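Quick note on labels: first sequence line is chain A, next is B, and so on, each numbered from 1. These numbers come from the heavy atoms of this one structure, side chains and all, not from hydrogens, waters or symmetry mates. Please read all numbers here as calculations on a predicted model, not as lab measurements.
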Protein chains: 2
Amino acid sequence: MRIGDLAATAGMTTKAIRYYESIGVLDEPARTEAGYRSYGPASVERLEFVKQAQASGLTLAEITSILEIKDRGGNSCEHTRGLLKGHLDDLDRKIVDLQRARRELSKMYEGAALLDPAACTDPNRCQVITQSGDGL
Amino acid sequence: MRIGDLAATAGMTTKAIRYYESIGVLDEPARTEAGYRSYGPASVERLEFVKQAQASGLTLAEITSILEIKDRGGNSCEHTRGLLKGHLDDLDRKIVDLQRARRELSKMYEGAALLDPAACTDPNRCQVITQSGDGL
DNA sequence: CCCAAGCTTCCACCCAGCTGGAAGCTTGGG
DNA sequence: CCCAAGCTTCCAGCTGGGTGGAAGCTTGGG
């Protein structure tokens, strides 16, 4: 199959596929006499794998390193587990940070509800921001 | 104070400060006769606010929009509240997304612990990814 | 045979949030 | 008076994951 068929089957663009090849996620495929890229069904599976791994939050570099190990016939379970663990930890940190930001923002928002709009007159001092903004 | 002093006080680089100015996070400051940027103590406070808001996960664009309201005097409490509400909703969506990603990743990670490493041989079918990744 | 669609390569650009460096002016201590 | 450090502007590039477009070749149906 040619690159357009592969792209349609795997649900991505030909641009993305060439990009993946350029950064080493995909090997260089066989070519037709005219120089067109020629793919087999294994390429569809590989792209599905890439998509799933990507949806799980792995970067293309990490996906590439998993695929490289497996291409050499090696066992990549431990490697993969390590990568996943790292991502899990990243995610946990991000979630904690966002929840903290949410608390601060929420404090500002609730504070705004309690203010008397009539008191909002000094153009140099918005109470909503300055009151709760200190903690942000 | 000049930009170097401000940078040292606020704990960032002069490059970052000029960058913030260029994208509108900071207003253009007064200049000395020689053209040097000249800052007052309020700039330190403003940069502290930026740093803290950034540490909480807000983007510079979001921080800028909050600061813009502050600059306009914030004399429209309702407008300010609306903006904060928007940020709050954004944050909630981000948190939900991350939590969903975390659940999926965790499922993959736990699944990986149960697999027999010897079974991990097919380069296109890593069980760690494909077993739990189906739901993605 | 013709023409559009699809393929090739290459170069550029997008987002965010900066950083680095070049070329040239100003400031301050010895 | 001199020189280094600090300031100015502008231009470039970095990461990640691609997209857009130009110029030119190939393929396939009418």
To the closest 0.5 Å, what do you measure between [atom1] ([X]) and [atom2] ([Y])?
{"X": "A/L26", "Y": "A/L47", "atom1": "CG", "atom2": "CG", "value": "5.0 Å"}
{"X": "A/I23", "Y": "A/T64", "atom1": "CD1", "atom2": "OG1", "value": "5.5 Å"}
{"X": "A/M12", "Y": "A/I17", "atom1": "CE", "atom2": "CD1", "value": "6.5 Å"}
{"X": "A/M1", "Y": "A/Y39", "atom1": "CE", "atom2": "OH", "value": "10.0 Å"}
{"X": "B/I63", "Y": "B/K51", "atom1": "CD1", "atom2": "NZ", "value": "12.5 Å"}

**Message:** Under 4.5 Å between side-chain heavy atoms, counting indirect links through other Ile/Leu/Val/Met/Phe/Trp/Tyr residues: same cluster for B/V44 and B/Y36 or not?
**Reply:**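 Unlinked, B/V44 and B/Y36 end up in two clusters.
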**Message:** Quick check against the 3.5 Å criterion: does B/E62 have a side-chain atom that pairs as donor or acceptor with the backbone of B/T59?
**Reply:** yes
Figure out the [atom1]/[atom2] separation between [X] and [N], and round it to whole Å.
{"X": "B/R2", "N": "C/dT27", "atom1": "CZ", "atom2": "P", "value": "8 Å"}
{"X": "B/M1", "N": "D/dG6", "atom1": "CE", "atom2": "P", "value": "15 Å"}
{"X": "B/I23", "N": "C/dC15", "atom1": "CD1", "atom2": "C1'", "value": "12 Å"}
{"X": "A/E33", "N": "D/dT26", "atom1": "CD", "atom2": "P", "value": "11 Å"}

**DNA chain C-proximal residues of residues 25-32 of chain B, any heavy atom under 4.0 Å** = none
**Item:** Contact list for DNA chain C against residues 12-22 of chain B - heavy-atom distance below 4.0 Å
**Value:**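 By residue number: B/T13, B/K15, B/A16, B/Y19, B/Y20.
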**Complete:** Which of D/dG17, D/dG6, D/dC25 is nearest the side chain of A/Y36? It is D/dC25
**Complete:** DNA chain D in dot-bracket form (Watson-Crick or G-U pairs under 3.5 Å, [ ] crossing, | inter-strand) is ||||||||||||||||||||||||||||||
**Request:** Report yes if a side-chain nitrogen or oxygen of B/R37 is closer than 4.0 Å to either non-bridging phosphate oxygen (OP1 or OP2) of D/dT8; otherwise report no.
**Result:**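 True: B/R37 side-chain N/O within range (under 4.0 Å) of D/dT8 OP1/OP2.
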**Message:** Below 4.0 angstrom, which residues in residues 3-10 of chain B have at least one non-hydrogen atom near DNA chain D?
**Reply:**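 Residues of residues 3-10 of chain B that come under 4.0 Å of DNA chain D are, in numerical order, B/I3, B/G4.
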**Request:** If a pair satisfies side chain to side chain donor-acceptor pair (under 3.5 Å) and one of its residues is in residues 13-28 of chain B, list it, with sequence neighbours excluded.
**Result:** B/Y20-B/Q54, B/E21-B/R37
**Request:** Please tell me which of B/A61 and B/A34 maps to the more 5' nucleotide of DNA chain C, matching each residue to the nucleotide holding its nearest heavy atom.
**Result:**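 First, find each residue's nearest nucleotide; the 5'-ward one identifies B/A61.
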**Request:** For A/E48, enumerate each residue passing the side chain to side chain donor-acceptor pair (under 3.5 Å) test, keeping only those at least two apart in sequence or located in another chain.
**Result:**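 With neighbours one apart ignored, the set is empty.
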**For B/P29 against B/S38, the heavy-atom pair lying closest together** = CB-O, 3.7 Å
**Partners meeting salt bridge (Lys or Arg N to Asp or Glu O under 4.0 Å) with B/D5 (sequence neighbours left out)** = none
**Asked** Step by step, would you call A/S106 with B/L88 a side-chain contact (heavy atoms from CB on, under 4.5 Å)?
**Response** CA-CA 7 Å; A/S106 179; B/L88 218 41; 4.2 Å; yes
**Message:** Once side-chain contact (heavy atoms from CB on, under 4.5 Å) is applied, do any residues pair with B/A42, and if so which ones, sequence neighbours excluded?
**Reply:**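 Applying side-chain contact (heavy atoms from CB on, under 4.5 Å) to B/A42 gives none.
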